2 protein chains.
Amino acid sequence: MTDHAAASSFCCADHSGTANAQAILTQAEDRAKARGVRLTPVRRRTLEILLQAHVALGAYDVLERLGAEGFGSQPPVAYRALNFLVEHGLAHRIRRLNAFTACAHPGEEHRAAFLICEACDSVTEAPARLVSDALALAAAEAGFRLERATIEAVGLCAACQRASA
Amino acid sequence: MTDHAAASSFCCADHSGTANAQAILTQAEDRAKARGVRLTPVRRRTLEILLQAHVALGAYDVLERLGAEGFGSQPPVAYRALNFLVEHGLAHRIRRLNAFTACAHPGEEHRAAFLICEACDSVTEAPARLVSDALALAAAEAGFRLERATIEAVGLCAACQRASA
DNA sequence: ATATCTAATGTTATACCATAACAGTCAAGG
DNA sequence: CCTTGACTGTTATGGTATAACATTAGATAT
């Protein structure tokens with residue numbers, strides 16, 4: 001995690017620090033209930049932590065905060081909560097960053113693509129219906145049965161383009 | 001790396017153990033020359049190792065082989081060679097597997113998607129023009145300047161579908 | 001040829017990411 | 001109550017990746 005990222009807090013994240021986070025949290029609870037799984041305190045708090053962050057967080061970043069709040073302080077605590085969230089569509093894993101970010105649109109079933117800014121490390125979730133369809137087609141042509149996919153783009157977010165202009 | 005993967009060597013890899021590897025190696029040399037970079041012994045050998053493998057290899061797998069052949073035996077040796085190959089389009093990094101695979105079509109400029117089989121760990125490179133175009137569109141809509149992207153699909157390759165039927 | 005400069009290799013050391021395995025806890029249903 | 005299964009927590013360990021610096025080898029210009 002670069003200081004750079006921590007310093008430039010005004011980039012792209014579209015779910016941080018706002019009333020929006022509340023709404024997403026509520027959606028998350030509904031979704032958990034609908035699926036018959038429990039959004040326990042650690043899990044809920046983990047989601048909140050992700051929502052508050054303006055960049056994707058590493059598991060150890062999350063862990064540090066959890067530990068400081070009286071939850072367990074060993075890696076599995078964070079990884080379990082994060083994996084739970086990912087499994088149930090409440091968060092996403094960003095493989096390029098070895099990090100996690102809250103899902104901006106839980107509830108809706110959606111295939112997302114992630115736009116990762118090289119300058120500020122912000123991660124934006126973009127609708128990826130078309131991308132996903134195209135990929136399904138490519139897979140089908142190869143006789144491959146597609147289960148799920150990771151689509152990550154790297155480049156410059158709008159804010160950082162302006163900043164570097 | 002599962003033993004499973006090592007055991008089932010007949011899945012999808014389309015560039016291993018054949019005259020094809022020779023051809024790709026030649027293309028790689030041409031490409032290096034064209035770009036004014038050097039395909040040194042470690043780099044070349046690293047590419048050969050990837051070409052011979054029927055699955056994507058972790059950096060430490062590659063390192064082990066390199067070390068056994070008299071090259072350096074410390075991680076940076078492998079990472080440097082692998083990063084070189086990736087940078088120049090001679091290999092691809094498969095993030096979901098923390099692994100690398102030789103590019104099946106060096107020379108051609110191409111955007112690839114990777115089809116990763118959950119059963120046998122094989123990685124197939126699929127043409128991704130359409131996927132890439134769709135992604136470019138999605139990025140543009142977000143005002144994002146796309147530099148490059150990673151597209152990885154997970155599922156079952158054709159061979160493993162038949163095997164499990 | 002040889003001095004010089006740069007790119008590439010090699011090494012040590014360390015940091016970061018992730019999971020296995022097991023022990024204790026807690027809530028729901030019999 | 002007591003059992004059961006899911007959840008949390010811990011210890012321990014394994015796998016992935018890079019920083020920093022010393023050394024060597026290739027290219028270039030005198």
Side-chain angles (χ1 to χ4, degrees), chain A residues 1-5 32-33 35-47 49-50 55-88 90-101 121 150, chain B residues 1-3 5-6 32-33 35-47 49-50 55-88 90-101 121 150:
Chain A
M1 256 5 54
T2 63
D3 303 30
H4 181 192
K33 196 167 295 178
R35 290 188 165 215
V37 297
R38 300 190 304 155
L39 191 60
T40 62
V42 219
R43 292 169 176 173
R44 188 193 154 94
R45 188 67 195 115
T46 299
L47 179 53
I49 288 168
L50 291 183
V55 290
L57 295 180
Y60 280 73
D61 296 328
V62 172
L63 179 60
E64 202 176 333
R65 289 164 174 75
L66 287 176
E69 296 175 19
F71 293 103
S73 58
Q74 299 305 316
V77 171
Y79 280 102
R80 278 196 289 241
L82 289 166
N83 286 334
F84 171 90
L85 296 175
V86 169
E87 245 167 58
H88 294 95
L90 301 174
H92 299 286
R93 184 172 202 152
I94 309 298
R95 300 210 93 103
R96 180 171 293 263
L97 302 177
N98 292 325
F100 299 82
T101 188
D121 277 350
T150 305
Chain B
M1 253 14 48
T2 62
D3 303 30
K33 195 167 295 177
R35 290 188 165 216
V37 296
R38 300 187 315 166
L39 190 61
T40 61
V42 218
R43 292 170 175 170
R44 187 192 156 95
R45 187 68 194 116
T46 298
L47 179 53
I49 288 168
L50 291 182
V55 290
L57 295 180
Y60 283 73
D61 296 329
V62 171
L63 179 59
E64 201 175 333
R65 289 165 175 74
L66 287 176
E69 297 176 18
F71 293 102
S73 57
Q74 299 306 316
V77 170
Y79 281 102
R80 280 197 288 242
L82 289 166
N83 286 332
F84 171 89
L85 295 174
V86 170
E87 246 167 58
H88 295 95
L90 302 173
H92 299 286
R93 184 171 202 152
I94 310 298
R95 298 210 95 103
R96 179 171 293 265
L97 302 177
N98 292 325
F100 299 81
T101 188
D121 278 351
T150 304

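Chain identifiers are assigned alphabetically (A, B, ...) following the order of the sequence lines, protein sequences preceding nucleic acid strands; residue numbering begins at 1 within each chain. Just so it is clear, the model here is predicted, and its values are computed rather than measured.
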Exercise. When you match B/Ala81 and A/Arg38 each to their closest nucleotide on DNA chain C, which lands nearer the 5' end?
Worked result: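 Here B/Ala81 is the residue nearer the 5' end.
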
Give a yes/no on whether any side-chain N or O of [X] is located under 4.0 angstrom from OP1 or OP2 of [N].
X       : N      : result
A/Ser73 : D/dG9  : no
A/Arg44 : D/dC7  : no
B/Arg93 : D/dA17 : yes
B/Asn98 : D/dG15 : no
A/Arg43 : D/dT8  : yes

If you check every side-chain atom of [X], which of [options] has the closest atom?
X       : options                : value
A/Gln74 : C/dT12, D/dA20, D/dT10 : D/dT10
B/Val77 : C/dG10, D/dA17, D/dG9  : C/dG10
A/Pro75 : D/dT8, D/dA12, D/dG9   : D/dA12

[X] has an atom [atom1]; how far is it from atom [atom2] of [N], in whole Å?
X       : N      : atom1 : atom2 : result
B/Arg80 : D/dT24 : CZ    : C1'   : 12 Å
A/Phe71 : D/dT10 : CZ    : C1'   : 17 Å
B/Asn83 : D/dT18 : CG    : P     : 6 Å
A/Tyr79 : D/dT8  : OH    : P     : 17 Å
A/Asp61 : C/dC17 : CG    : P     : 7 Å
A/Leu97 : C/dC16 : CG    : C1'   : 14 Å
A/Leu57 : C/dA18 : CG    : C1'   : 17 Å
A/Phe84 : D/dC7  : CZ    : C1'   : 11 Å

Exercise. Just checking A/Arg95: base, sugar-phosphate only, or nothing, at a heavy-atom cut-off of under 4.0 Å?
Worked result: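 Result for A/Arg95 = nothing.
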
For this session: Using a heavy-atom cut-off of under 4.0 Å over every strand shown, decide if B/Tyr60 touches base, sugar-phosphate, or nothing.
Result: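 Counting heavy atoms under 4.0 Å across all strands, the contact made by B/Tyr60 includes a base.
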
Problem set entry | 5′-ward residue of the pair A/Gly72/B/Ala59 relative to DNA chain D |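 With A/Gly72 and B/Ala59 compared, the 5'-side residue is A/Gly72.
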
Exercise. Between A/Arg45 and A/Leu66, is there a donor-acceptor pair closer than 3.5 Å when you use the side chain of the first and the backbone of the second?
Worked result: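 No; zero donor-acceptor contacts below 3.5 Å.
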
For this session: Measure the spacing between CG of A/Leu57 and CG of A/Asp121 and express it to the nearest 0.5 Å.
Result: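 Taking CG in A/Leu57 and CG in A/Asp121, the distance rounds to 11.0 Å.
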
Problem set entry | Reported CZ-to-CZ distance for the pair A/Phe84 and A/Arg44, which is rounded to 0.5 angstrom |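 The distance works out to 12.5 Å.
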
Exercise. Do the side chains of A/Leu82 and A/Leu50 get nearer than 4.5 Å, heavy atoms only?
Worked result: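 SC-SC contact between A/Leu50 and A/Leu82 confirmed.
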
Exercise. Under 3.5 Å, is there a donor-acceptor pair linking the side chains of A/Thr150 and B/Arg95?
Worked result: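 Per modelled atom types, A/Thr150 and B/Arg95 side chains form no pair under 3.5 Å.
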
